[in-house]
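Counting starts at 1 for both ligands and their atoms, following the listed order. Here the structure is a predicted model, which is why all the values come from computation and not from measurement.
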Amino acid sequence: MINVTRSFLPELADYIKYLEGIWDRGHLTNHGPLVVELENKLRDYLGVKHFFFVNNGTIALQIAIKAADLKGDVITTPFSYVATTSCLVWENCNPVFADIDPNTLTVTAETIEKVITPQTTGILVTHVYGNPCPVEEIEVLAKQRGLKVIYDAAHAFGVEFNNQSILNFGNISTLSFHATKLFHTIEGGGIITNDDELAHKISYMRNFGHNGPEAFYGVGVNGKSSEFHAAMGLCLIPKIEHIIEIRKSLSEFYSASLAGIPIQYLQIQPGTTKYNFAYYPIVFNTEVELLKAVKALNEKQIIPRRYFYPSLNTLHYVTNNLDNDNATAISKRVLCLPLYPDLAMEKVRVISDCIRLQLC
Ligand SMILES: *Cc1c(COP(=O)(O)O)cnc(C)c1O
């Protein structure tokens with residue numbers, strides 16, 4: 001069986017070495033030495049000022065929304081994983097959807113501007129598939145309108161835009177280190193900001209609001225992660241360049257093997273983007289063709305995923321159903337093909353040939 005993804009595991013012996021240290025110290029969680037080491041290494045690797053390791057990418061978003069003080073109407077993307085929208089609803093915000101560009105699949109400054117009203121308090125949008133949003137245009141717009149910007153960068157680990165980490169754009173960025181993501185800590189996430197005041201808020205909000213054992217800065221939640229999760233991250237940091245390299249080769253082989261088939265590909269944001277090859281999405285011309293291809297692949301025990309379907313503006317618990325024609329149409333026609341470091345090149349050929357047979 002070939003799934004859309006398969007978690008990368010380090011050598012068991014490497015992980016066991018970290019476990020031995022945990023057993024010796026008896027320090028399992030609450031900002032232990034491995035968590036501190038992981039935070040320092042990731043801050044350096046990613047080239048950011050403040051980095052907070054938290055227990056998942058969803059709590060990272062929730063803390064970011066609280067720290068940035070987003071309330072009421074928040075502009076977001078209908079084309080993302082459900083957590084981007086559900087976090088806003090969970091934090092009592094009202095998601096207002098800005099449509100996506102049909103080629104880059106991210107929101108644009110124009111689609112955001114169209115839905116700004118006096119009630120808008122902020123913007124929470126996704127670098128979908130690791131493809132950067134048009135961050136410079138969004139920054140200009142947000143400054144003009146006095147809006148805070150949070151980027152859901154769950155897919156964007158290691159992505160650079162104009163020669164710096166994509167995580168340096170916006171007021172706050174969040175990462176997910178779930179086992180299915182490019183870099184993972186089994187479960188986990190990260191919060192990134194360059195703003196010292198926001199960093200202070202984030203640091204206490206993820207630890208119940210504590211200011212020492214008996215005092216509190218404010219309200220908080222449990223966003224802490226454990227030594228066991230940090231250990232997985234520490235095992236994977238030295239492998240990350242290699243992981244991205246293999247994903248790049250596999251992606252290039254997909255593109256060569258799929259050539260000539262009537263499908264569209266993700267267009268990387270114009271500008272100097274260093275991409276991370278987190279996903280390999282293809283867009284069919286019709287949903288009927290997509291379903292045909294999925295059926296044929298499933299018969300071969302190949303399980304691609306309809307990331308991201310349905311379009312989030314169609315969720316029954318959101319009230320805002322503005323014009324999101326591109327997102328609604330594309331989410332019905334987009335499919336992510338299997339992509340993970342252990343995937344054999346040979347299988348890329350099998351998958352591509354199977355799709356070709358259905359469409360040509
Ligand atoms: C995975 C993901 C999340 C949620 O992260 P978890 O670590 O699973 O909580 C949020 N947003 C996007 C876009 C994601 O892909």
Side-chain angles (χ1 to χ4, degrees), residues 3-8 38 42 51-66 70 74-91 93 95 97-98 100 104-107 123-133 149-159 166-167 169-170 172-192 206 221-226 228-230 232-233 236 247 266 276-281 304-313 315 318 327 330-331 334-336 339-340:
N3 262 314
V4 67
T5 191
R6 188 183 154 100
S7 299
F8 184 90
L38 182 72
L42 286 179
F51 175 89
F52 300 93
F53 180 42
V54 293
N55 43 22
N56 60 65
T58 305
I59 205 85
L61 281 168
Q62 288 175 217
I63 293 172
I65 292 166
K66 275 268 198 297
L70 302 192
V74 178
I75 295 173
T76 188
T77 175
F79 192 69
S80 183
Y81 182 59
V82 71
T84 316
T85 297
S86 60
C87 274
L88 285 169
V89 176
W90 195 263
E91 293 301 330
C93 294
F97 297 97
I100 56 167
T104 62
L105 310 184
T106 68
V107 294
I123 298 168
L124 166 57
V125 288
T126 304
H127 300 307
V128 72
Y129 304 126
N131 195 19
C133 290
V149 181
I150 300 173
Y151 287 111
D152 182 342
H155 308 157
F157 187 92
V159 171
I166 191 65
L167 305 169
F169 293 89
I172 305 180
S173 295
T174 64
L175 289 166
S176 165
F177 302 148
H178 183 254
T180 55
K181 301 298 204 285
L182 182 136
F183 172 83
H184 78 91
T185 58
I186 313 169
E187 290 273 3
I191 311 177
I192 294 92
R206 71 153 171 184
V221 71
N222 184 357
K224 291 177 282 99
S225 189
S226 80
F228 295 80
H229 294 87
M232 180 60 80
L236 294 189
R247 301 181 80 101
L266 178 66
N276 64 357
F277 304 91
Y279 295 87
Y280 195 89
R305 271 292 290 269
R306 295 187 73 181
Y307 286 147
F308 292 96
Y309 174 82
S311 188
L312 299 171
N313 57 305
L315 287 168
V318 303
I330 286 166
S331 63
V334 67
L335 190 69
C336 280
L339 181 63
Y340 49 88

* Option set Ala156, Ser176, Cys87, criterion heavy-atom distance to atom 5 (O) of ligand 1, minimum ->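 Selected option, by shortest heavy-atom distance: Ser176.
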
* Could you check atom 15 (O) of ligand 1 against the protein and tell me its nearest heavy-atom contact, residue, atom and distance included? =>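 For atom 15 (O) of ligand 1, the nearest protein heavy atom comes out as His155 NE2, 2.7 Å.
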
* **Protein residue, atom and distance nearest to atom 11 (N) of ligand 1, heavy-atom basis** => Asp152 OD2, 2.7 Å

Within the 4.0 Å heavy-atom shell around [X], which atoms of ligand 1 are there?
X      : answer
Gly57  : 5 (O), 6 (P), 7 (O), 9 (O)
Ala83  : 10 (C)
Lys181 : 1 (C), 2 (C), 14 (C), 15 (O)
Ala154 : 2 (C), 11 (N), 12 (C), 13 (C), 14 (C), 15 (O)
Gly188 : 7 (O)

* Aromatic centroids of Phe308 and Tyr129 separated by under 6.0 Å -> yes

* Given the side-chain rings of Tyr340 and His184, with only the six-membered ring counted for Trp, is the space between their centroids under 6.0 Å? ->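 No: the rings miss the under 6.0 Å criterion.
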
* Looking at side-chain heavy atoms only, is the closest gap between Val125 and Thr106 below 4.5 Å? -> no

Is a side-chain donor or acceptor of [X] paired with a backbone partner of [Y] at a separation under 3.5 angstrom?
X     : Y      : result
Asn56 : Ile59  : yes
Ser7  : Ala179 : yes
Thr76 : Leu124 : yes

Over all atoms of both residues, closest heavy-atom pair of [X] and [Y]:
X      : Y      : answer
Leu167 : Ile192 : O-CG2, 3.7 Å
Leu312 : Tyr81  : CD1-O, 3.6 Å
Phe277 : Arg247 : O-NE, 2.9 Å

* Proximity to ligand 1 by part of Glu187, non-hydrogen separation under 4.0 Å -> neither

Any N or O of [X] closer than 3.5 Å to N or O of ligand 1:
X      : result
Phe177 : no
Tyr81  : no
His178 : no
Thr58  : yes

* Mark the output for Ser80 as yes if a heavy-atom distance to ligand 1 is under 4.0 Å, and as no if none is. =>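 Under 4.0 Å: yes for Ser80.
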
